[in-house]
Amino acid sequence: DTPLAERFVARTTASMSRVSSFAVSVNGSGRTSRTQTAPGVVARTHRSNRFNSHCVGTRPKRKFVVSRNSGPPVSGSVSDAEELELITTVDAPASTSKAGSCAEVVLPSRRVMLAAPPALRLGKTMGALFSLGLVSGAGAEKPAQAATPQVPSISLTPLHKSGALTLHDPLVYNGLATADRTSLGLDGLLPVSVCLPSTEVLRAQAALDACTTQMQKYRLLISLQNTDETTFYTLLNEKTAELLPVLYTPTVGEACQQYGTLVQRPSGLTVSLNDLGKVDKLLANWPHETIKIAVITDGERILGLGDQGANGMGISAGKSMVYAACGLQPHWLLPIQVDTGTENEVLLNDPLYVGDRRRRERGAKYDQLLEELVEALRTRYGRNTIIHWEDFAPRNAFRVLQKFRSAPISAVTYNDDIQGTAAVTVAGTLASVRLLKGELRSQRVLFFGAGQANCGAANLLVLAMMDSEPELTMQEARARIWLVDSKGLVYQNRPEDKLKGLSSDKAPFAVDLATLGGSQSFDKNDLAQIVKASQCTVLVGAAAIPKAFTKSVITQMASQNKNPVIFALSNPTSKAECTAFEAYEWSGGRAIFASGTKFDDLTVKGVGLRAPGFANNAFIFPGIALGSLAVGATKVTDKMFLAAAVTLAALVTEEQLQKGAVYPPTSTIKESAVFVGAGVAAAAVDEGVAREGVCGSGFISATGAKVPSLDGGGADDTCTNWEACVRDFAKTCL
């Protein structure tokens, strides 16, 4: 009745004012819920409505016990219907009301939820509560308390949220090898077994072995990176040769194509046109502050697959993993996807596409976004932060590189597709010349494809020829190089170029047909005939046109060369100009072959074991970064890339050359990065772009550390062992 309700409200309000907190534990088939309420708050327990339809009235009353800070426990029973709206309060004497005092309600039922309603609602359950003595009001007669077994009170531990956070922190979580479980709140959240980090690596390897496709392995490894970086990078370091084809080319191309189906994606930073004016705020969200290298793509020309839009993040992440595999710390690396739209109709209509559904920005906003991004990176992480451009389309690749490497910006920057591919191509050419026991200047090189990769390689090859033969002029060196683009052979006064003319990167290599004499009458669009007309000794493909090196092309190369040099550099494998088997088969086993995708060694009848070269940029860009960072380079010059090429070629042993290999094995990629870095560091000093006094002082200002071999030793206080210099730098600073 109303008077009773009024007395109840008054009484419970007074009682609750003396209770600092209480908790409810639910036993039986349910879970435990702990809640503390402030003084003066009445708690209401109820059951979720999802249980009502099939639970209410289906079971007999269940017993419960209320244990209090003082006084004997109170017991009783409650039905499902009564539990639907159960209002309880705990009467604690004022003398026990203090911080941490707690009363406990034990119900053998499903989870009880606590809430703090704005007002008390009294239902028919009230009578049961009064009869059980759970609540009291003025004039309410308390029945005699029935004798019940003593129920021990449980002291509740405060909720430990850090455990769940640790499970989702890849920088801390290390599977069953995670240290300090108790302090991290992981007790009970992991199986009781404790193992060494090496066991977690074995566990990951076993999971990889269970995968049946490369793409399955990619998905598993990305999941591992997102959950346990320690195990991921240890496995990558130990199994580099095995995992690079999974995390990098060729599988990364497939990963970009399937990016929308990846539940766990590689970590990286996305910057879109929507972020103009606030790019630095995005960088502030990245968890690491020690960034030294930013790998940036706009996704417009991913490998040989064309415009992949925002799915291009896979290539930025893949390049970052290669850096890490070669010894640079993961927290120094920042993969970035610049999302300015896409022209890929399939992606624009794909409901799973992760990017901005708009046509590509071709105007001023594109440049503004790149400018703001580079400035934000250099302001936050240092002016010498390396800006690595990756897989931009030709329309932007050369222009963007030139813009940011030149004054007034003068960033430490390079484009891996232009300069990295150039260096690895020149390295393979130099190693081939060693195998042929010839001279570089006597080689005639035909580039099939005149995009950024081959144009970059052509320019660096000219520099290499002039460096090896100082008397050779630039014009003479260029005359030894031919280009084939989508319109056929690039030559002077080509009719197809009358309207727009040749681009500035192709024009220097346009062939003067008059120099060919009577041999001008050949099909300028037939590659086999161009091979014959040029009398080339080296054929390099980077046009992403699969099977372009046909049997007629390779047999023509073999007819005019004892050992034709054939490089099929296009990635992924589906875009390769030919396979290793085709090159060996059609040349009678005499070809010196290399490719952008690794092919297995082959036994050629009548020749023996042949080892196809792996002409991958992964042999170049990690060493470029390592050498540049070691000497604090303020610029990355063309001669630094040439030094990388010369060094890489020198790393090929005579034993490897005899098998036809013109690149070191992938298993040596980390060690190769140190030697390449040494060559780059020495070239940076020669070019005058190294930090002043880098050899004389041996002092790395960023860490305050001394690097032993930077102390000089030469007569003019110059470094006498750049390999030791870079190795010591890596040890001290990485």
Side-chain angles (χ1 to χ4, degrees), residues 288-295 323 326-329 331-334 374-389 401 404-416 419-420 423 620-647 673-734:
H288 303 299
E289 298 180 353
T290 54
I291 301 303
K292 299 296 181 188
I293 306 169
V295 185
Y323 275 122
C326 292
L328 286 90
Q329 292 294 332
H331 59 81
W332 280 27
L333 308 167
L334 176 54
V374 171
E375 181 58 28
L377 287 166
R378 299 177 76 204
T379 300
R380 177 172 288 271
Y381 304 122
R383 306 309 290 177
N384 284 3
T385 301
I386 293 176
I387 308 298
H388 171 146
W389 306 105
L401 175 62
F404 286 97
R405 76 190 299 198
S406 304
I409 299 176
S410 301
V412 182
T413 185
Y414 46 82
N415 183 303
D416 184 51
Q419 297 161 287
I620 296 294
F621 65 82
I624 291 287
L626 187 55
S628 299
L629 291 172
V631 298
T634 58
K635 187 177 182 180
V636 182
T637 68
D638 290 338
K639 284 202 172 181
M640 290 165 70
F641 274 97
L642 178 57
V646 171
T647 305
V674 173
F675 287 105
V676 170
V680 170
V685 173
D686 290 342
E687 290 277 89
V689 297
R691 185 177 63 246
E692 186 177 355
V694 66
C695 289
S697 67
F699 181 72
I700 305 299
S701 58
T703 62
K706 291 282 285 188
V707 180
S709 57
L710 287 180
D711 289 334
D716 55 351
D717 209 21
T718 58
C719 184
T720 56
N721 188 340
W722 281 108
E723 180 228 324
C725 166
V726 172
R727 200 178 296 280
D728 283 344
F729 173 81
K731 236 181 261 181
T732 306
C733 303
L734 298 185

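The structure displayed is predicted, hence computed values, not measured ones.
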L626 and V726, any side-chain heavy atoms less than 4.5 Å apart: yes

Residues E375, R383: salt bridge by 4.0 Å N-O rule: yes

For F675, all residues meeting ring-ring contact (aromatic ring centres under 6.0 Å, His included), sequence neighbours excluded: none

Spacing of CG belonging to L401 relative to CH2 belonging to W389, to within rounding of 0.5 Å: 9.0 Å

4.5 Å side-chain heavy-atom contact, L377 and L334: yes

Over all atoms of both residues, closest heavy-atom pair of A644 and V680: CB-CG2, 4.0 Å

Backbone N/O of I387 and side chain of T413: donor-acceptor pair under 3.5 Å: yes

Min side-chain heavy-atom separation S628-I624 under 4.5 Å: yes

Sidechain-backbone polar pair: T290 side chain, H331 backbone, donor-acceptor under 3.5 Å: yes

Minimum-distance pair of heavy atoms, taken over all atoms of G420 and I620: O-CG1, 4.0 Å

R378 CZ to N384 CG distance, which is reported to the nearest 0.5 Å: 7.5 Å

Distance, nearest 0.5 Å, that separates CZ of R405 from CD of Q419: 5.0 Å

Given W332, Y414, F404, the one that forms ring pair (Phe, Tyr, Trp, His ring centres under 6.0 Å) with H388: Y414

Could you list the donor-acceptor pairs under 3.5 angstrom formed by side chains in residues 629-643, with sequence neighbours left out?
residue: T634; atom: OG1; partner: V689; partner atom: O; Å: 3.3
residue: T637; atom: OG1; partner: M640; partner atom: N; Å: 3.3
residue: T637; atom: OG1; partner: E687; partner atom: OE2; Å: 3.0

